[in-house]
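No hydrogens, no waters, no symmetry mates; every other heavy atom, side chains included, goes into these values.
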Amino acid sequence: MNNATLDMILLNRNFTMLVILLPLFTGVVFGLVVSIYALVKRRAMQGWPPAPGRVIRVDGKQRQIRGFLGRRQYVLDLEIEYIYQWNDVTYQALMTREAELPRSSTPLPEEAVGPAVARFKAEAEGLDLAVYVNPKRPDQSLMEQVEVKKDTYAVAAFAALTVLLGAACAWLVL
């Protein structure tokens, strides 16, 4: 085997590695950047101060989702409308959350949806609660305090280290 053939084999191998590793590395870096952005955003939400609020309306409707292995599942979504006071101004907001009911592979009959929604309405409408408000944009609020666990930072650091190690290995191979 002469040098030209050997160089061509090595060039093809390097090109193949580049075609395989570049999209993989790009996807991992993108995922890491999105995760860090979400972490920073959640960290900022963690410090939002509470304000007095009240639930004014609860409504529910079914929604179809794709569950494990693409199986259809039906869930009951609750729309919770609430008001809150911030700096002597009243704001109104809407939050949607999945009801804590078992998921079903078939649509829930209307006879089951109505009583479930009625039960949530009876428990929540008129309820006083603490609403967590973005002090920079008081029209943004949350009904629950955001919590960022300390091990989340360790996971993010490990992911960043893995990306850097993978980039170094790819650089050495190519």
Side-chain angles (χ1 to χ4, degrees), residues 23-160 162-163:
L24 179 65
F25 182 72
T26 304
V28 169
V29 168
F30 178 74
L32 182 63
V33 168
V34 168
S35 298
I36 290 173
Y37 171 76
L39 179 64
V40 168
K41 190 173 178 181
R42 287 184 66 83
R43 178 77 176 142
M45 288 178 179
Q46 190 173 10
W48 288 4
R54 175 175 287 211
V55 176
I56 57 174
R57 184 182 65 83
V58 177
D59 201 3
K61 60 183 172 187
Q62 281 191 81
R63 175 173 55 103
Q64 180 183 341
I65 62 171
R66 293 284 177 181
F68 183 68
L69 297 176
R71 294 187 181 127
R72 288 186 185 141
Q73 293 183 330
Y74 294 86
V75 297
L76 180 61
D77 281 340
L78 296 175
E79 286 185 347
I80 304 168
E81 192 172 353
Y82 59 98
I83 57 172
Y84 58 97
Q85 292 270 322
W86 183 257
N87 292 337
D88 297 325
V89 178
T90 301
Y91 294 91
Q92 188 169 340
L94 181 69
M95 183 185 103
T96 303
R97 88 172 326 153
E98 188 178 317
E100 293 179 8
L101 294 174
R103 292 181 172 185
S104 172
S105 59
T106 59
L108 297 169
E110 195 56 43
E111 305 84 49
V113 172
V117 171
R119 188 183 79 217
F120 286 112
K121 276 185 175 193
E123 291 175 7
E125 280 185 357
L127 182 69
D128 290 329
L129 68 148
V131 175
Y132 299 91
V133 181
N134 182 350
K136 295 176 185 170
R137 293 202 45 208
D139 60 320
Q140 293 180 344
S141 64
L142 299 169
M143 287 179 58
E144 297 172 341
Q145 180 71 38
V146 173
E147 185 178 328
V148 178
K149 297 180 179 157
K150 291 183 179 169
D151 61 347
T152 305
Y153 296 109
V155 171
F158 178 73
T162 305
V163 167

> Do D59 and L78 have side chains that get closer than 4.5 Å, going by heavy atoms?
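Of all side-chain heavy-atom pairs linking L78 with D59, none is under 4.5 Å.
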> Would you give the length of the straight line joining atom CD1 of I56 to atom CG of L94, rounded to the nearest 0.5 angstrom?
9.5 Å
> Testing R97, Q62, R63, K61 one by one against D77 for a side chain to side chain donor-acceptor pair (under 3.5 Å), which residue passes?
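When R97, Q62, R63, K61 are each tested with D77, the side chain to side chain donor-acceptor pair (under 3.5 Å) holds only for R63.
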> Quick check: do Y84 and T90 have side-chain heavy atoms less than 4.5 Å from each other?
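With C-beta onward as the side chain, the pair stays apart.
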> Does Y132 reach the side chain of M143, with side-chain heavy atoms less than 4.5 Å apart?
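Contact flag for Y132/M143 side chains = no.
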> Backbone N or O of V89 within a donor-acceptor pair of the N87 side chain at under 3.5 Å?
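Pair absent, no side-chain N/O of N87 close to backbone of V89.
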> Below 4.5 Å, heavy atoms only, C-beta onward: do I80 and V55 meet side chain to side chain?
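Yes; the side chains approach each other to less than 4.5 Å.
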> How about L142 and W48: do any of their side-chain heavy atoms sit closer than 4.5 Å?
yes
> Are side-chain heavy atoms of E125 and R57 found at a separation under 4.5 Å?
yes
> Would you say the side chain of Y82 lies within less than 4.5 Å of the side chain of M95, judging by non-hydrogen atoms?
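A side-chain contact under 4.5 Å exists here.
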> Hey, what do you get for CZ (R66) to CZ (R72), rounding to the nearest 0.5 Å?
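Separation between the atoms: 5.0 Å.
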> Which pair of heavy atoms, one from W86 and one from P50, lies closest together, and at what distance?
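Closest pair (atom of W86, atom of P50, distance): CZ3-O, 4.1 Å.
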> Which pair of non-hydrogen atoms, one from A51 and one from Q85, has the smallest distance, and what is that distance?
CB-O, 3.2 Å
> Mind checking salt bridge (charged side-chain N to carboxylate O under 4.0 Å, His left out) for D88 and listing every partner two or more places apart, or none if nothing turns up?
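With neighbours one apart ignored, the set is empty.
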> Using the test side chain to side chain contact (heavy atoms under 4.5 Å, CB included), find all partners of K41 that sit at least two apart in sequence or belong to another chain.
Y37, M45
> Are S141 and Y91 packed together at the side-chain level, in the sense that at least one heavy-atom pair is separated by less than 4.5 angstrom?
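Result no, sub-4.5 Å side-chain heavy-atom pair not found.
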> Apply side-chain hydrogen bond (donor to acceptor under 3.5 Å, both in side chains) to the pair E79 and T96, showing each step before the final yes or no.
CA-CA 5 Å; E79 286 185 347; T96 303; 4.7 Å; no
